[in-house]
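So you know, we letter chains A, B, ... as the sequences are listed, proteins then strands, and number each from 1.
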2 protein chains.
Amino acid sequence: MRDNRNEMRGPNLLFLTDEQLRKGIEAMFFAYRGFTADPDRVLSEKGYGRAHHRAVHFIHRSPGTTVNNLLGILGVTKQSLNRVLRSLIDDGLVESKVGTQDKRERHLYLTPAGHALEAELSEVQTARVRSAYRAAGPEAVQGFRMVLEAMMDTEMRRCFDKLKETE
Amino acid sequence: MRDNRNEMRGPNLLFLTDEQLRKGIEAMFFAYRGFTADPDRVLSEKGYGRAHHRAVHFIHRSPGTTVNNLLGILGVTKQSLNRVLRSLIDDGLVESKVGTQDKRERHLYLTPAGHALEAELSEVQTARVRSAYRAAGPEAVQGFRMVLEAMMDTEMRRCFDKLKETE
DNA sequence: ACAATACGTCAGTGTTGTTGACATTCCAAG
DNA sequence: CTTGGAATGTCAACAACACTGACGTATTGT
């Protein structure tokens, strides 16, 4: 059950009180809204949703990735991803090439128009994150990243680490 | 446009490179999935969605709040909130009382059953946040909170601060 | 030949969002 | 006091998006 007695266990445990935890939860809720607000605005102007942003982002990040790869990274169903990819391909933002070794696979790439959209989305989102980073300072950013990574599932952690080593 | 030259501006600006910003964006994406995964599991068992969680959370947080207040906090449309509230009221988790001063307003309260659901949701979500906090340590948590607050809109910031002062 | 994999698609369901209309209540100007 | 506007909340119809589960096709590998 709830435990409010952390407050009496010394100042080094103050950050684990229910009060602090709830504040963190609410901060996460509001901050994520801010985090997605700008890209969402851009997307809705073009008739796209948040799922399109994610697809475009990770195709940009890992050109030539397959549909199955994206499914694992995004954590959506095949049908949702397919609908998104279908519209992106029809609109000429994403190109789907049949694999050379394994012809069952489709490798996904951004077209020039796709790169343009990605840049536009990345622009507005990065601007906000940069501003937040600048306001909070380097040590805060390091802490921010540590908590976020500790909040992931092992599954996502695996995805995240795999993306990191691609640098 | 993109700016990769931050890397040459000294070590104190290393955290503002595009690489670091992109990593932060992806970490935020994956972490938020982890953040909502456990409550989502509980909710779907009961036929509810994430919107129900938010409503229950903030009614618990601010008992007697009005529908309009919740609209501002949650950032959803009136109809979406109303549908959610309708099901919660019909299921006996939320009680809606006509205002005494202003009879147009409906003041919202959790019933005992509502408090039970809130506790169950809070339990699983808090467990993960607590674990992340513990793993990252107090200084990291402070940085985490600073960056999150800096990432909010002024609008949300206002909501967040108003909730904070209720303590 | 046979099973497994990668991809696409269909039907049915549920949540969420938008548009727009509507009833009730409050308040203030006439 | 009356009346009109503004605020609060409710509701219906429709669209967007996601999920489940099943099925079909092409390809790979044993």
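- Checked against dA7(D), dC7(C), dA4(C), the side chain of Arg104(B) finds its nearest nucleotide in dA7(D).
- Residues Arg41(A) and Glu45(A) are not paired through a salt bridge, judged by the lack of any N-O separation under 4.0 Å between the basic side chain and the carboxylate.
- In this model, no donor atom of one side chain and acceptor atom of the other lie less than 3.5 Å apart for Glu95(B) and His107(B).
- If you measure from atom CZ of Arg50(B) to atom P of dG17(C), you get 11 Å, rounded to the nearest angstrom.
- Inspection of the Ser87(B) and His52(B) side chains reveals an N or O donor paired with an N or O acceptor under 3.5 Å.
- Judged purely by atom type and a 3.5 angstrom limit, Ser80(A) has no side-chain atom pairing as donor or acceptor with the backbone of Val76(A).
- The pair Arg22(A)-Glu26(A) meets the salt-bridge criterion, with a side-chain N (NZ, NE, NH1 or NH2) lying under 4.0 Å from an Asp/Glu carboxylate O.
- Between Gly99(B) and Gly75(B), the one whose closest nucleotide on DNA chain C sits nearer the 5' end is Gly75(B).
- Across the protein-nucleic acid pair, His53(A) atom NE2 and dA18(D) atom C1' stand 19 Å apart, rounded to whole Å.
- Under the 30°/60° scheme for interplanar angles, the aromatic rings of His57(B) and His53(B) are found to stand perpendicular.
- Listed in residue order, the members of residues 78-94 of chain A having a heavy atom less than 4.0 Å from DNA chain C are Lys78(A), Gln79(A), Asn82(A).
- Between Asp102(A) and Arg54(A), the residue anchored nearer the 5' end of DNA chain D, judged by the nucleotide with its closest heavy atom, is Arg54(A).
- Using a 4.0 Å heavy-atom cutoff across all strands shown, His107(A) reaches no nucleic acid atom at all.
- Distance CG (Leu43(A)) to P (dC17(D)): 10 Å, rounded to an integer number of Å.
- Atom CZ in Arg106(A) sits roughly 10 Å away from atom C1' in dT25(D) (whole-Å rounding).
- For dT5(C), neither phosphate oxygen OP1 nor OP2 lies less than 4.0 angstrom from any side-chain nitrogen or oxygen of Asn68(A).
- Following rounding to the nearest Å, Glu105(B) (CD) and dT24(C) (C1') show an atom-to-atom distance of 13 Å.
- Contact check, His52(A) against dC17(D): no side-chain N or O comes under 4.0 Å of OP1 or OP2.
- At a threshold of 4.0 angstrom between heavy atoms, the contacts of Gly47(B) are confined to the sugar-phosphate backbone, with no base atom among them.
- Between Asp153(A) and Arg128(B) a salt bridge is recorded (basic side-chain N to carboxylate O distance below 4.0 Å).
- Residue Gln101(A) contributes atom CD, which lies 18 Å from atom P of dT5(C) at whole-angstrom precision.
- The separation between Asp40(B) atom CG and dT20(D) atom C1' is 17 Å, rounded to whole Å.
- A straight line from CG of Leu71(B) to C1' of dT10(D) spans 12 Å, rounded to a whole angstrom.
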